[in-house]
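What you are looking at is a predicted structure, and each value in this text was computed from that prediction instead of being measured. Letters go in sequence order (proteins before strands), and every chain restarts at 1.
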Protein chains: 2
Amino acid sequence: MKLKLNSITANQNGKELYSENEIILRKTLDKFNVLNDTEFSDFLNVCKYKEFAKKQYLLKSGNYNHGIYFLISGAVGLFELIDGKEMYQNFFLESEFANELKSLTTQTPSTKNLIALSDTTLFYLNRKELLELYEKSVSFERLGRKLLEHLLNGQNEISYVLQSLKPEERYAYLENKRPNLLNTIPLTYLASYLGLARETLSRIRAKR
Amino acid sequence: MKLKLNSITANQNGKELYSENEIILRKTLDKFNVLNDTEFSDFLNVCKYKEFAKKQYLLKSGNYNHGIYFLISGAVGLFELIDGKEMYQNFFLESEFANELKSLTTQTPSTKNLIALSDTTLFYLNRKELLELYEKSVSFERLGRKLLEHLLNGQNEISYVLQSLKPEERYAYLENKRPNLLNTIPLTYLASYLGLARETLSRIRAKR
DNA sequence: GAAAATCTGTGACCAAAATCACAATCCAAT
DNA sequence: ATTGGATTGTGATTTTGGTCACAGATTTTC
C-alpha cells in the first residue's frame, strides 16, 4: 500500500499555504461559487485528512454514519447486502463527496456500507462539525443546498437509467457519463450498480 | 371541475388569519423545524394560489421550469417521453412539493413534464422569488437544504427499488410506502413508475 | 345519454436476460 | 515464483417478464 504525502504549495501572495490536496478541494467547492477565502479556511479546519487501504470500510451497516468524505484519490463504493449479494448503489472517485445520507440525516443505523475499492486518501468531515458550520454562516447552508441539488439531479438520472434503459443502453450511459468507472471499478460491481447480472454485462462488453 | 374555496380560520390569539390551505402548508413546513412566524409569513407572501384542471400541464418539456409547487389537493405526475412512452418518474399528492429540479437549478429546457392527474389546487413558488428568499434569511437556505436531504433520501430508495426488487416486491413497496398512490393513480402510470409492463402489474394485482 | 377515449384484464407467444456451471485470467500476498 | 482468492469469459438452459392481441369496463366529453 502506497499513498501520496501532502506537498505544500504557496498561493499568489504567499500569505497562506495550501497543500495540493487542499487545492483540489478548493477547486471543487469553487464550482458552487459560495465560499470566500475565510469561509474556505473554516471549512478546511474541520477537514481531517485520512487514508484508507483497499477493502477497508469507511462505514459498516448497522453502525451510525458520522460524516461525509471528500475523496482526494482512490475510489469508494456504496453498497447494500441484499439476499447475500453486494448491490453497489454508487461509486465515488477523486474530487467527489462520498456520502450516505439516510443514516447521516436521520441518525439511524445505516443499512449501507462504504468501502475503499482501492487505496484512498480523503478529507473526513464529522457530522457534528458539519452542523456547526451550518450554524456559523449562511454560506455553508447554501453550499450544502447546492451540493444536494447537484446530488439529487444525479440520482434522478440513475433512476431514469434503471427504469427506462435496456442493458446495452445502461452500459452506454456509463461510457458517456462516468467513463472513469469503467477503468477503476470491477465489472462485477458495475453490473450490480446497473441492475444487471454480471454475465450480461460481460457479454455486452465483449461485443465492443 | 369542482374546486374547494379557501376558508378563513383564526389562530389562538386571533391576531393573524390563516386559511385552511395555509395551515396545511404550515404543518408540512413545521416538520423541518426551521421557520418562525414571521419567516413563514414571508414564505406565504411569495406563494401564489393556483388551480389546475385534470390533464393540464404545470410544465411542458422543452420549456424552462420556473418554480416549484406545493400541493394542497389533487395529484401531479412527473413524466418523460421515451420512445413514445410516457414514463412516470414521480407522483405528488397533497402536502407534497411537486418539483423538477434539473431544469429549475441548471436553467436549461426541461426534458420532463409536470401534469395534473386530477383537479388540483396548489401554491406556486416562482424561482426568482425563491432565490430572493434564500438571500433574505438563512432559515430559507436551511429549509431548502433539509427538504433536499429528504427528497434525496426518497430518490435513493426509488433507485434501490428499481435496481434490486422483483416486480412483486416493487408492488409491495408501493403498498407499504405510498399506499395512497394505489387509489389515485392509474395502474398504467404506476407500472411505468415501477419500470414494469402494464400487463405485469395488472397480473400482480390480480393475485391479491 | 350516446359516442369516444381511456383504462384494465387476460390469454398466447416470444425474447431477453437470469441462472448455472466451469474454465481461464488476473492479482495480491507470502 | 507459487499459492489462493478474486474477477472475468462463455456456453447451455431456464425463466421471467415483455410483447401482441383483443375484450370488457370505466370515464370523459359533447
Between [N] atom [atom2] and [X] atom [atom1], what is the distance in whole Å?
X	N	atom1	atom2	result
B/Leu165	D/dT16	CG	P	16 Å
B/Gln163	C/dA18	CD	P	12 Å
A/Lys207	C/dA17	NZ	P	9 Å
A/Asp83	C/dT19	CG	C1'	14 Å
B/Tyr193	C/dC7	OH	P	19 Å
A/Lys166	C/dA18	NZ	C1'	18 Å
A/Ile82	C/dA18	CD1	C1'	17 Å
A/Glu169	C/dA16	CD	C1'	13 Å

field: Backbone N/O of B/Leu165 and side chain of B/Arg170: donor-acceptor pair under 3.5 Å
entry: yes
message: Within 45 degrees of the ring normal and closer than 6.0 Å to the centroid, is that where the cationic atom of B/Lys50 sits relative to B/Tyr124?
response: yes
- line: In short, B/Thr200 meets B/Pro167 closest at the heavy-atom pair CG2-CB, 4.2 Å
field: Side-chain H-bond candidate by donor/acceptor type, B/Thr105 with A/Glu149, under 3.5 Å
entry: no
- request: Encode nucleotides 4-10 of chain D as B, S and - characters from 5' to 3', where the letter depends on protein heavy atoms closer than 4.0 Å: B to the base, S only to sugar-phosphate, - to neither.
  value: ---SBBB
message: How would you summarise protein contacts on nucleotides 25-30 of chain C per nucleotide, using B for base, S for sugar-phosphate only and - for none, with heavy-atom distances below 4.0 Å?
response: ---S--
Can you check whether [X] reaches [Y] side chain to side chain, under 4.5 Å on heavy atoms?
X	Y	answer
A/Tyr57	A/Ile115	yes
A/Arg145	B/Leu147	no
B/Phe40	B/Tyr18	yes

With A/Tyr193, the side-chain contact (heavy atoms from CB on, under 4.5 Å) member among A/Ile185, A/Leu78, A/Leu174: A/Leu174
query: Sequence neighbours excluded, which residues qualify as side chain to side chain contact (heavy atoms under 4.5 Å, CB included) partners of B/Ser103?
result: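 Only B/Asn65, B/Glu100, B/Ser110 meet the side chain to side chain contact (heavy atoms under 4.5 Å, CB included) criterion with B/Ser103.
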